[in-house]
Amino acid sequence: MPVTSANACAKIILLGEHSVVYGEPALAIPFSGLRVRCVIEPWIKGPPGTLQITAPELNLDQSLQDLPEDNFIRQAIYLVLGELRISRTPTCKMAIYSEIPISAGLGASAAIAVAAMRALSSFLGHPLLNEKLNRLAFQTEKLMHGNPSGIDNTVIVYEQPLLFRKAQPIEFIHPNSELPFLIADSGIKKATAETVAYLAQQREHDPERVDAAIHKIGKIVLEGKRAFETGDLTSLGAAMNANQALLADLNLSCPELDGLISAALQAGALGAKLTGGGKGGNMLALVTPDTQEAVRIALQTTGAVAVHQTSLKRRVSHD
Ligand code: PMV
């Protein structure tokens, strides 16, 4: 078996995180500039049946057998072996390198699982098709997040902008204008499982208030989708701001994210909001070529630990 490598991108939720868990639509885009890479090589002199995993960013250097049962990489590997009906673990070394910050709202866990499953299935001579890969990646997301919507694994597997709604066919969407974004990291790590559980708790105490907010976010997502498809950047920015206001009302933002968001808006961003689980992690700002530099400086001086740039190119649908 030759050395095999595969990779997967990060993701950005443009509109609709959290409400998507409750069946509302959400809009997500790939963040192709930030990636996870997985390399697998045969381990000729290794102990037979030993799959050794190294992942420097996760401080991991262990054999598959020694990983705790609830480890998501372990689960990703066994899911592939099960899917391919392979009972004997291949003797090999798997190295995972991630540029995506962990617990920061950019889909790191889903991207790691997708890259590992892509690489392993190719290494074994049976590369998984996206549909199957997506189904398996969703299983690992369940392990990580408890009650995931499935949006992270879906946008990462297909690496295309999409409107996602639980249990509905994926709707791929195309921007009718170039969309430049800045993504800034608050530096605060927050596990998605925690914020999802936090909202579920709030919903138990006050279902009417929380459901009303969730439903409003769903409507904003559909308005945002129209703006995305028509290239109406002003309306898309307004949708992002309206979405952020509702997320903040649900106490899913935090002072550091609020600071970055208002700095971006003051510097000329058309819209700004948290992205992903919230209460930390990253925020997202929609900019223009004219405002991009000013917004970047504002984010840096307000304390962002990293600022990334990504741009969705205008793409005309042919379907
Ligand atoms: O924080 P991330 O990158 O895992 O994004 C989570 C998105 C949520 O909507 C909060 C949860 C979900 O499963 O959709």
Side-chain angles (χ1 to χ4, degrees), residues 5-17 19-21 24-38 98-100 105-119 121-122 127-141 148-183 218 220-233 236 239-240 243 271 273 275-276 282 284 286 308-319:
S5 77
N7 59 64
C9 63
K11 68 97 222 283
I12 297 164
I13 298 183
L14 194 46
L15 294 165
E17 50 275 273
S19 43
V20 68
V21 173
E24 295 292 342
L27 225 152
I29 59 175
F31 181 4
S32 298
L34 221 53
R35 307 193 76 85
V36 172
R37 186 161 161 261
C38 177
S98 178
E99 298 169 348
I100 311 174
L106 298 179
S109 59
I112 290 170
V114 169
M117 293 198 283
R118 269 189 182 138
S121 60
S122 297
L128 290 170
L129 296 179
N130 281 345
E131 205 183 322
K132 210 166 259 182
L133 183 63
N134 196 23
R135 188 167 49 73
L136 299 185
F138 183 50
Q139 299 303 315
T140 65
E141 282 290 281
S149 62
I151 190 169
D152 283 15
N153 48 283
T154 304
V155 67
I156 286 168
V157 163
Y158 291 95
E159 204 166 339
Q160 283 185 58
L162 49 87
L163 185 89
F164 178 89
R165 200 192 281 250
K166 258 180 162 177
Q168 299 278 324
I170 308 162
E171 193 182 332
F172 295 106
I173 55 174
H174 308 281
N176 198 10
S177 165
E178 180 160 353
L179 300 175
F181 292 103
L182 290 177
I183 300 114
I220 291 168
V221 172
L222 295 179
E223 286 161 19
K225 175 185 179 251
R226 269 193 298 277
F228 183 97
E229 289 179 320
T230 55
D232 179 353
L233 268 63
L236 183 58
M240 289 168 68
N243 192 167
K273 64 181 275 293
T275 185
N282 279 268
L284 173 72
L286 176 62
H308 299 281
Q309 188 268 334
T310 189
S311 194
L312 270 186
K313 302 276 173 260
R314 176 173 185 266
R315 216 183 112 205
V316 181
S317 168
H318 296 293
D319 41 44

What do the steps show when you test F228 against L163 for side-chain contact (heavy atoms from CB on, under 4.5 Å), and what is the final call? CA-CA 11 Å; F228 183 97; L163 185 89; over 6 Å; no
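Looking at residues two or more places apart in sequence or on another chain, you find a side-chain hydrogen bond (donor to acceptor under 3.5 Å, both in side chains) between E171 and K225. Under the rule for a side-chain hydrogen bond (donor to acceptor under 3.5 Å, both in side chains), Q139 has no partner lying at least two apart in sequence or in another chain. For F31, the ring-ring contact (aromatic ring centres under 6.0 Å, His included) criterion is met by H308, not counting sequence neighbours. Applying the ring-ring contact (aromatic ring centres under 6.0 Å, His included) test to Y158 and every residue at least two apart in sequence or in another chain returns F172. Checked against side-chain hydrogen bond (donor to acceptor under 3.5 Å, both in side chains), E141 has the following partners two or more places apart in sequence or in another chain: S109, H145. For R226, the salt bridge (charged side-chain N to carboxylate O under 4.0 Å, His left out) test picks out no residue, with sequence neighbours left out. Considering only residues two or more places apart in sequence or on other chains, T310 meets the side-chain hydrogen bond (donor to acceptor under 3.5 Å, both in side chains) condition with none of them. R37 pairs by the salt bridge (charged side-chain N to carboxylate O under 4.0 Å, His left out) definition with nothing, not counting sequence neighbours. Scored by the side-chain contact (heavy atoms from CB on, under 4.5 Å) test, A137 finds V114, M117, N153 as partners (sequence neighbours excluded). Listed by chain and residue number, E24, I214, I217 satisfy the side-chain contact (heavy atoms from CB on, under 4.5 Å) test with S19 (two or more places apart in sequence, or in another chain). For K166, the salt bridge (charged side-chain N to carboxylate O under 4.0 Å, His left out) criterion is met by no residue, not counting sequence neighbours. Take E223 and apply the salt bridge (charged side-chain N to carboxylate O under 4.0 Å, His left out) test, not counting sequence neighbours, and it matches no residue.
Contact annotation: the side chain of C9 approaches that of E159 to within less than 4.5 Å [non-hydrogen atoms, C-beta and beyond].
Note on K313 versus E178: salt bridge recorded, some NZ/NE/NH1/NH2 to OD/OE distance being below 4.0 Å.
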